[in-house]
A.B. asks: 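I have a structure I would like to understand better, so I am pasting it below and will then ask my questions one at a time.
If you're wondering where the values come from, they're calculated on a predicted model, not measured in any experiment. In the text below, chain A, chain B and the rest are named by the order of the sequence lines, each starting its count at 1.
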Amino acid sequence: MARFQAPRGTRDLLPIEKTAFSRLESIAADLAERYGYQPIETPLFEQSEVFERGVGGVTDVVEKELFRVQAGRGDEERERWALRPEPTAGIVRAYLQHGMQTWPQPVRLATFGPMFRYDRPQAGRFRQFWQFDVEAIGDPGPAVDAEIIDLARRFYLDSGLAEPRLLLNSIGDAACRPAYVADLAAYYRRHEARLPAIERNRLERNPLRLLDSKEPVMLELNAAAPSIGERLCGPCAEHFAGVTAHLDTIGIASTIEPRLVRGLDYYTRTTFEFVPQDAHGQQSAIGGGGRYDGLVELLGGRPTPGIGFGIGIDRLILALTEQGVVAPSLPHPTAVVVGADPSDTATRLVIATELRAAGVSARADLAVRKLSRQLEGAARDGAHFAVICGDELDAGQVQLRDLEAGTQRVVARADLGRELLRAAKSHRHG
RNA sequence: GUGGCCUUAGCUCAAUCGGCAGAGCAUUGGAAUGUGGAUCCAAAGGUUGCGGGUUCGAGGCCCGCAGGCCACCCCA
């Protein structure tokens, strides 16, 4: 056992895993650009208040899971910082700080990076996890909700995932949700004697969460509980109808899930979540989001609507693995430069440098070991070619060996770069 | 934060009732001094997660801690 280990809930992305991550990051960047979402990157930490106000002070994410940062000597810093548990609050902070209200609305932004929550780790749940995140700030209409959902779905499909299930709900707004929550709480209080202890606690903190309970007694109670769908105010109901209509128009199927309650305070109206078709286990949500029409105001701006989603990259990779989507292979050099004289590492280095200058992906075998070992290393590295340096170099030539075909020929050192570029190109196309 | 199961070499796992810590794969070297993923031989690799206890003797039993997994909680 190594003396030092990655902190609990974090992990090292080894080359094969980092390659899979990079592939998804690249797909995300392409997709954002194709949809007209501009890249942005905000700090990994913010003043704690950004999250306390934005995400909500009584949420678990802020109350229990915030990674608070201790910096400097403590006494000289009046500000308190925290690692970001989610990307939206920081992006909205940037929106206000840089006056994006004066940009054409909505402002469409996309980012990709790590988030931090001090949670108890589990499969699919980490203290540092990655999200691909997209936000559209400044458009109140239901069409942009559909656009965002379409973008999210497209990302899953482009990554190779089978069509995921879309769970959709509306949780109302400041006009209708408080009354609904009060009715809901009153309903449960009438049955308080039957509530398990944990549910009584939830009743005080967040009555909406009772709808999502896994307690057997609750299934019966929930069936008779008032439903948000029939309590939406006129504008919210109209908005939700607009979202489903737009989704229908662009051919995206969804499941209305009245119990879909999200854990961050800033959500209003539309909330949604994606789950893999073959989902099992509790950490099954591979992404979710919703509308946050009150968030900009919470952070000190004029009332401004917004909507966004975050996709959990770690969980998406788990889902892809379960579905048998092949992981991308490690990158490998086109050529490895080996030599007949084990100790002559300098010649190998020079030839490899020439090849790189010519644009060829090449590495030299720099170990002092005999030729057969060098060739073995080249083959195991997945290189297509080995460049063998020997006595032929006196005549300005090397052996160019095709490791896949098992053939080789003599090539002039001066032509080597061109030859390899041409061969690598035809190999890719063939 | 709560409960359950687990932790032996880089990886996957053995080790009878408490009695000399092992194998396969991977790594390195040799067989083979200028020709590769095969084969054979060998080497190297360990505070058995950490700390304490019981015992003549602990990888195996007891206690604590850490980490992983599972469920809860929460969420991506």
A.B. asks: Tell me which of A/Tyr118 and A/Gly287 sits closer to the 5' end of RNA chain B, going by the nucleotide each one is nearest to.
C.D. replies: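 Closest to the 5' end, via its nearest nucleotide, is A/Tyr118.
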A.B. asks: Can you run through RNA chain B from 5' to 3' and write each base as (, ), [, ], | or . depending on how it pairs? Watson-Crick or G-U wobble, both distances under 3.5 Å.
C.D. replies: (((((((..((((.....[..)))).(((((.......))))).....(((((..]....))))))))))))....
A.B. asks: So, OP1 or OP2 of B/rC75: does either fall under 4.0 Å of a side-chain N or O from A/Arg117?
C.D. replies: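 For B/rC75, neither OP1 nor OP2 has a side-chain N or O of A/Arg117 closer than 4.0 Å.
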A.B. asks: With a sphere of 6.0 Å drawn around CZ of A/Phe21, does it hold more than 12 non-hydrogen atoms of other residues, nucleotides or ligands?
C.D. replies: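 Atom CZ in A/Phe21 is packed in, count exceeds 12.
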A.B. asks: Roughly how many Å apart are B/rU33 and B/rG45, using the P atom of each and rounding to a whole number?
C.D. replies: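 So the two P atoms sit 28 Å from each other.
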A.B. asks: Which letter, B, S or -, goes with each nucleotide of nucleotides 29-39 of chain B from 5' to 3', with contact meaning a protein heavy atom under 4.0 Å?
C.D. replies: BBSS-BBBB--
A.B. asks: Thinking salt bridges, do A/Asp119 and A/Arg127 make one under a 4.0 Å N-O criterion?
C.D. replies: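 Result for this pair is no, no salt bridge flagged.
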A.B. asks: B/rG67, B/rA76, B/rC69: which one has an atom nearest the side-chain heavy atoms of A/Gln5?
C.D. replies: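 Nearest to the side chain of A/Gln5 among the choices is B/rG67.
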A.B. asks: Which part of the nucleic acid, if any, lies within reach of A/Gly9 when heavy atoms closer than 4.0 Å are counted: base, sugar-phosphate only, or nothing?
C.D. replies: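 Touches sugar-phosphate only.
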A.B. asks: Would you please confirm or rule out a distance under 4.0 Å between OP1 or OP2 of B/rG68 and any side-chain N or O of A/Gln122?
C.D. replies: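 For B/rG68, OP1/OP2 do not have a side-chain N/O of A/Gln122 under 4.0 Å.
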A.B. asks: Consider the side chain of A/Pro121, meaning its heavy atoms from C-beta on, and name the nucleotide among B/rC69, B/rA76, B/rC74 that approaches it most closely.
C.D. replies: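 That would be B/rC69.
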A.B. asks: How do A/Arg8 and A/Gly310 order along RNA chain B: which one's closest nucleotide is nearer the 5' end?
C.D. replies: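 Nearest-nucleotide comparison on RNA chain B picks A/Arg8.
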A.B. asks: Determine whether any donor atom in the side chain of A/Arg120 lies under 3.5 Å from an acceptor atom in the base of B/rG3, or the reverse, and answer yes or no.
C.D. replies: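 Present.
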A.B. asks: Measure the distance from CZ on A/Arg127 to P on B/rA76 and round it to the nearest whole Å.
C.D. replies: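 Whole-Å distance recorded here is 18 Å.
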A.B. asks: Please list, by residue number, the residues of residues 150-170 of chain A whose heavy atoms come closer than 4.0 Å to an atom of RNA chain B; answer none if no residue qualifies.
C.D. replies: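 Hits under 4.0 Å, by residue number: none.
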A.B. asks: Under 4.0 Å between a side-chain nitrogen and a carboxylate oxygen: does that hold for A/Arg108 and A/Glu147?
C.D. replies: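 Yes, this pair counts.
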